Amino acid sequence: MPTTNTTPETLTTIASIGQHVGQTVTLRGWLYNLRSSGKLLFPTFRDGTGTIQGIVPKAAVSEELFETLKNLTLESSLIVSGTVSAHPKDPAIFELQVTALTVTQRIPDATPFPIQLKENGPDFLMEHRHLWLRTPRQSAILRVRATIMRAAAEYFDTNGFFRTDPPILTPNACEGTSELFEMDYFGDDKAFLTQSGQLYVEATAMALGKVYSFGPTFRAEKSKTRRHLTEFWMIEPEVTYLDLEGLMQLADDFLSHIVTRVLESHQADLKVIGKDITKLEAVIAPGPDGERVPFPKLSYDEAHQMLLDAHAKGLLENAHTYGDDFGSPDETYISNQFSKPVMVHRYPAAVKAFYMQPDPADPTKALCVDVLAPEGYGEIIGGSQRVDDYDLLHSRIVAHNLPLDAFQWYLDLRKYGSVPHSGFGMGIERCVAWICGLDHVRETIPFARTLNRIYP
RNA sequence: UCCUGAGUAGCUCAAUGGCAGAGCAUUCGGCUGUUAACCGAAGGGUUGUAGGUUCGAGUCCUACCUCAGGAGCCA
C-alpha cells in the first residue's frame with residue numbers, strides 16, 4: 001500500500017480544518033459518500049475527527065483524478081489534498097477543493113461496504129458493529145464516551161484519590177444477589193467475573209484513604225432492555241470518614257464536572273448525535289446570583305409520596321407500595337420532575353444491600369443514595385455509607401445467608417481500625433446514554449455484550 | 001423466567017387465501033452546487049425452519065428457531 005509523502009506542515013484533521021482556510025492541506029481518511037452532478041463530483045471524506053465535503057470540477061483536475069474518484073467505492077481508504085474554502089451557502093461549513101488523491105485501498109465493486117447511508121435495523125447494525133462504528137453518529141458517541149471516561153478519572157485524580165483497581169476474577173458473589181458469570185479455576189475452585197469492585201475498594205480505602213476503581217463489570221442476569229449490558233464499565237470511589245451527606249455532595253460535584261467537560265469540547269458531536277444541549281446545560285445551571293445550585297434531594301418517603309400523588313392524578317399506572325424498591329416507570333416519573341439529576345436517599349434497608357449502614361434516626365432505613373439521571377434515564381449512580389461495626393456486619397452476612405468464610409477478609413476491615421466510610425458506583429454506559437440522549441446502551445460502547453449477542 | 005411484537009431481494013419494507021413487488025445498494029447510461037442528490041435501464045427470491053389445513057399458503061393452524069423491547073433485577 002502507498003504511504004504518504006506529504007510534508008508534515010500540510011497534514012491536518014477535519015476537526016481542525018477551520019484553521020486552514022485558503023491553504024492547501026492533506027487529509028488521511030476514507031470516502032464516506034459520493035454525489036455527482038455530471039462533471040462535478042461531491043465526495044464526502046471522513047477521518048475519524050469529522051466529515052467534510054470535497055468539490056471536484058472535471059475542468060479543474062486531471063482526467064485521471066476525476067475518473068479515479070468518480071469510480072471510487074464508499075469507505076475506500078485514501079489520502080486527499082485540496083484547498084480549504086467556506087461553503088458558498090453556509091460560511092460556517094468548510095469544503096475541500098480537491099487537488100490530489102491517492103487511493104490507499106479501493107473496495108471492489110463486487111463487495112460494497114455493507115452499511116448503507118439509510119435506515120438500517122438494529123440486528124443488522126449490531127451484526128456489523130465493527131463497520132457501523134465508522135458512521136458519523138457512532139463515532140461521535142465514542143468520542144463523547146472517551147471524554148466522559150477521561151473526565152471521570154480526571155475528577156478523582158485531581159482531587160486526592162488513588163486509583164486502585166480490584167480483581168476481575170473473584171472467588172464468590174460479592175453481594176450475593178446478581179447472577180454471575182462462572183468459570184472453572186484450575187479444577188478445584190470456581191471463579192466468577194466481578195459484579196462490583198466495591199468490597200475490594202473498601203479495603204484499599206482503609207489503606208489509602210480516598211480511592212477509586214475503574215474497570216469492567218459483569219452481570220449474567222437475563223435482562224433484555226435498552227438499559228442493560230452483560231459487560232459494562234463502572235467507576236467506583238470509596239472514601240474514609242465520609243458520611244451520606246458528603247457522598248451526595250461528591251456525586252453532585254463529580255457528575256457536574258463530567259457534564260462541564262462534555263459541553264466544553266463536544267458541541268459538534270452532540271449536534272451530530274441529536275442531543276438537546278440545553279438539557280445538559282440545565283444540569284450545571286447556576287442560580288440567579290450565579291451561585292451553584294446543588295442537585296435536588298428526595299428521601300425515599302418523599303419519593304414514595306410523589307409517586308402516590310402521580311398515581312392519584314392518573315399519571316402512573318400502578319400505585320407504589322411503601323417498602324418496595326422503585327420500578328422502572330417509577331424512576332422515570334421521578335426523574336422527569338427535575339431538570340437536574342435527582343438524588344433519592346434513605347431507602348428501606350430491607351430492599352438494599354447487606355453492607356449499607358442503617359440510618360441512626362430510623363434504623364429501618366439505609367444511608368444510601370441512588371442518583372437518577374434526567375429525561376427518564378433512570379439510575380446512573382448507586383452508593384451508600386457502609387456498615388462499619390463488626391457485629392452488625394457479621395449479623396447482616398448471616399441474615400442474608402452469605403458464606404461467612406468468604407467474607408472473613410471483609411469482616412477484618414471492621415476488626416482492625418474500622419472507620420465510617422462511603423462510596424458509590426457509576427455505570428459509564430448509562431451515563432453516556434443519558435449525556436448523548438441515546439435510546440439504547442448498545443450504542444454507548446464499541447462492542448456491546450448483551451443477552452443475545454457476543455459477536456463481533 | 002414471564003408478556004408482547006417481528007422474520008419476504010445485500011439493506012429498509014409492501015403484497016384481500018389466487019402471476020413475488022417497490023425504494024436503496026450493485027452494473028450501464030445522463031446531469032457543473034449536490035446534501036441519505038436526482039433521472040433512465042438491467043441483473044438480483046428455497047418468503048426463518050419443520051409439519052398441517054386447502055384446488056391453491058408469504059398470507060390460516062401447530063411446534064420450534066432467531067431478533068426486538070417491556071416486566072422482574074440492576075448500573
Side-chain angles (χ1 to χ4, degrees), chain A residues 32-44 51-60 66 70-71 73-75 85 87-90 93 95 97 107-128 131-132 135-137 175 177-180 195-198 216-236 317-318 324-332 351-353 370-373 377-383 424-434 439-442 444-445 450-453:
Chain A
Y32 170 65
N33 195 12
L34 179 64
R35 292 178 290 271
S36 100
S37 183
K39 296 179 176 58
L40 255 187
L41 301 179
F42 296 99
T44 302
T51 59
I52 187 170
Q53 175 170 279
I55 306 111
V56 189
K58 189 175 171 73
F66 191 85
K70 184 183 172 187
N71 294 309
T73 43
L74 301 192
E75 282 304 314
S85 61
H87 194 292
K89 293 177 183 172
D90 183 352
I93 296 175
E95 297 186 310
Q97 310 283 335
I107 300 175
D109 297 319
T111 55
F113 189 70
I115 312 285
Q116 291 180 38
L117 306 178
K118 54 173 287 197
E119 193 178 325
N120 291 287
D123 188 39
F124 176 80
L125 288 171
M126 288 306 287
E127 197 69 14
H128 296 82
L131 304 177
W132 185 28
T135 60
R137 176 183 160 87
E175 302 176 21
T177 51
S178 301
E179 294 281 328
L180 301 192
Q195 61 158 348
S196 166
Q198 182 209 310
T217 304
F218 306 87
R219 304 277 167 93
E221 269 150 12
K222 298 196 171 178
S223 296
K224 248 190 309 193
T225 80
R226 63 184 67 197
R227 298 180 306 280
H228 288 88
L229 298 172
T230 54
E231 175 183 325
F232 62 97
W233 284 65
M234 193 148 68
I235 189 160
E236 298 176 277
E317 192 180 337
N318 298 312
D324 286 359
D325 207 345
F326 300 128
S328 275
D330 299 329
E331 285 188 355
T332 299
V351 300
K352 288 291 181 181
D370 282 0
V371 182
L372 309 182
Y377 277 92
E379 182 182 352
I380 52 168
I381 284 180
F424 66 72
M426 182 182 80
I428 293 293
E429 286 72 22
R430 284 193 184 171
C431 182
V432 174
W434 158 54
D439 61 13
H440 202 299
V441 289
R442 66 181 160 226
T444 64
I445 185 168
T450 59
L451 180 58
N452 292 317
R453 183 173 299 284

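Only heavy atoms go into these numbers, but all of them, side chains included; no hydrogens, no water, no symmetry mates. Throughout, a chain's letter reflects where its sequence line sits, starting with A, and its residues are numbered from 1. Just so it is clear, the model here is predicted, and its values are computed rather than measured.
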Exercise for the section: Give one of base, sugar-phosphate or nothing for P329(A), where a contact means two heavy atoms less than 4.0 Å apart. Expected result: sugar-phosphate

Handout entry: D123(A): partners by side-chain hydrogen bond (donor to acceptor under 3.5 Å, both in side chains), with sequence neighbours left out
Key = R453(A)

Exercise for the section: For rG58(B) and rG51(B), measure between their P atoms and round to the nearest Å. Expected result: 15 Å

Fill in the blank from the handout: Sorted by chain and residue number, the side-chain hydrogen bond (donor to acceptor under 3.5 Å, both in side chains) partners of E331(A) (sequence neighbours excluded) come out as none

Handout entry: Nucleotide paired to rU46(B) in any strand shown, Watson-Crick or G-U, under 3.5 Å
Key = none

Exercise for the section: Could you list the residues that satisfy side-chain contact (heavy atoms from CB on, under 4.5 Å) with T332(A), not counting sequence neighbours? Expected result: N336(A)

Practice task
Report which part of the nucleic acid G121(A) touches: base, sugar-phosphate, or nothing (heavy-atom distance under 4.0 Å, all strands).
Solution key: sugar-phosphate

Handout entry: For atom CD1 of I235(A) and atom C1' of rA75(B), their distance in whole Å
Key = 13 Å

Practice task
Could you measure between the two C1' atoms, the one in rG69(B) and the one in rU27(B), and give it in whole Å?
Solution key: 40 Å

Handout entry: Whole angstrom value for the distance that separates C1' of rC2(B) from CG of L451(A)
Key = 13 Å

Exercise for the section: Write down the distance separating the C1' atoms in rU53(B) and rG5(B), rounded off to the nearest Å. Expected result: 25 Å

Handout entry: Those residues that, when tested against T73(A), pass side-chain hydrogen bond (donor to acceptor under 3.5 Å, both in side chains) (two or more places apart)
Key = S76(A)

Problem - Base partner of rA22(B), which must satisfy Watson-Crick or wobble distances under 3.5 Å - result: rU12(B)

Practice task
Pick the C1' atom in rA57(B) and in rA15(B), then give their distance to the nearest Å.
Solution key: 13 Å

Exercise for the section: For rG72(B), take OP1 and OP2 only and decide whether either is under 4.0 Å from a side-chain N or O of R219(A). Expected result: no

Exercise for the section: Select base, sugar-phosphate, or nothing to describe what H440(A) touches, counting heavy atoms under 4.0 Å on all strands. Expected result: sugar-phosphate

Exercise for the section: Would you mind classifying the nucleic acid contact of D370(A) as base, sugar-phosphate or nothing, using non-hydrogen atoms under 4.0 angstrom? Expected result: nothing

Fill in the blank from the handout: ring pair (Phe, Tyr, Trp, His ring centres under 6.0 Å) filter on F326(A), not counting sequence neighbours, yields Y300(A), H320(A), Y347(A)

Exercise for the section: Kindly point out which of rC11(B), rC74(B), rG72(B) is positioned nearest to the side chain of S223(A)? Expected result: rG72(B)

Exercise for the section: Rounded to whole angstrom, note down the C1' distance from rU47(B) over to rG7(B). Expected result: 9 Å

Exercise for the section: Indicate yes or no for a side-chain donor-acceptor contact from R430(A) to the backbone of V441(A) under 3.5 Å, with no hydrogens or angles considered. Expected result: no

Completion exercise
Applying the 3.5 Å cut-off to both distances, the Watson-Crick or G-U partner of rA75(B) turns out to be none

Exercise for the section: To the nearest Å, give me how far apart NZ (K222(A)) and C1' (rG70(B)) are. Expected result: 18 Å

Practice task
Check whether any side-chain N or O of R219(A) sits under 3.5 Å from a backbone N or O of L229(A) as a donor-acceptor pair, and report yes or no.
Solution key: no

Practice task
Quickly work out the D325(A) CG to rA71(B) P distance and round it to whole Å.
Solution key: 13 Å

Exercise for the section: Would you indicate what E379(A) reaches in the nucleic acid, counting non-hydrogen atoms under 4.0 angstrom: base, sugar-phosphate, or nothing? Expected result: sugar-phosphate

Fill in the blank from the handout: As its Watson-Crick or G-U partner within any shown strand, both distances under 3.5 Å, rA68(B) has rU4(B)

Exercise for the section: Under a 3.5 Å limit for both distances, which nucleotide forms a Watson-Crick or G-U wobble pair with rU34(B), could you say? Expected result: none

Considering only nitrogen or oxygen atoms on both sides, find all protein atoms under 3.5 Å from nucleotides 65-67 of chain B and state each distance.
residue: rC67(B); atom: OP1; partner: N452(A); partner atom: O; Å: 2.8

Practice task
Determine the interatomic distance between C1' on rC19(B) and the same-named atom on rC31(B); round to the nearest Å.
Solution key: 37 Å

Problem - Contacts of type salt bridge (charged side-chain N to carboxylate O under 4.0 Å, His left out), residue E236(A), not counting sequence neighbours - result: none

Handout entry: Same-atom distance (P) from rC11(B) to rA25(B), integer angstrom
Key = 15 Å

Shorter than 3.5 Å, N or O on both sides, protein versus nucleotides 25-34 of chain B: list them out with atom names.
residue: rA25(B); atom: O4'; partner: Q116(A); partner atom: OE1; Å: 3.2
residue: rU27(B); atom: OP1; partner: D109(A); partner atom: OD1; Å: 2.6
residue: rU27(B); atom: OP1; partner: D109(A); partner atom: OD2; Å: 3.3
residue: rC31(B); atom: N3; partner: G38(A); partner atom: N; Å: 3.1
residue: rC31(B); atom: N4; partner: S36(A); partner atom: OG; Å: 3.2
residue: rU32(B); atom: OP2; partner: K39(A); partner atom: N; Å: 3.2
residue: rU32(B); atom: O4'; partner: S37(A); partner atom: O; Å: 3.2
residue: rG33(B); atom: N1; partner: E95(A); partner atom: OE1; Å: 3.2
residue: rG33(B); atom: N2; partner: H87(A); partner atom: NE2; Å: 3.3
residue: rG33(B); atom: N2; partner: E95(A); partner atom: OE1; Å: 3.2
residue: rG33(B); atom: N2; partner: E95(A); partner atom: OE2; Å: 2.2
residue: rU34(B); atom: OP2; partner: K89(A); partner atom: NZ; Å: 2.6
residue: rU34(B); atom: O2; partner: R35(A); partner atom: NE; Å: 2.7
residue: rU34(B); atom: O2; partner: R35(A); partner atom: NH2; Å: 3.4
residue: rU34(B); atom: O2; partner: Q53(A); partner atom: OE1; Å: 3.3
residue: rU34(B); atom: N3; partner: Q53(A); partner atom: OE1; Å: 3.0
residue: rU34(B); atom: N3; partner: Q53(A); partner atom: NE2; Å: 2.8
residue: rU34(B); atom: O4; partner: Q53(A); partner atom: NE2; Å: 2.7
residue: rU34(B); atom: O4; partner: H87(A); partner atom: NE2; Å: 2.9

Handout entry: C1' atoms of rC38(B) and rU32(B), separation to the nearest Å
Key = 14 Å

Practice task
Check every strand shown and say whether R226(A) touches a base, only sugar-phosphate, or nothing at a heavy-atom separation below 4.0 Å.
Solution key: sugar-phosphate

Exercise for the section: State, yes or no, whether a side-chain contact exists between P329(A) and E317(A) at a heavy-atom distance under 4.5 Å. Expected result: no

Problem - L41(A) vs F66(A) side-chain heavy atoms within contact, under 4.5 Å - result: yes

Problem - Whole-Å distance separating the CZ atom of F326(A) from the P atom of rC73(B) - result: 13 Å

Exercise for the section: Please answer whether the main-chain N or O of R442(A) pairs with a side-chain N or O of E429(A) as donor and acceptor at a distance below 3.5 Å. Expected result: no

Exercise for the section: Find the distance E429(A):CD to rC74(B):C1' and express it as a whole number of Å. Expected result: 14 Å

Fill in the blank from the handout: Here the distance between atom P of rG7(B) and atom CZ of F124(A), to the nearest Å, is 18 Å

Problem - Distance, rounded to the nearest Å, where N120(A) contributes CG and rG7(B) contributes P - result: 17 Å

Problem - Sugar-phosphate only, base, or nothing, as touched by I428(A) at under 4.0 Å among non-hydrogen atoms - result: nothing

Completion exercise
ring pair (Phe, Tyr, Trp, His ring centres under 6.0 Å) filter on H128(A), not counting sequence neighbours, yields F124(A)

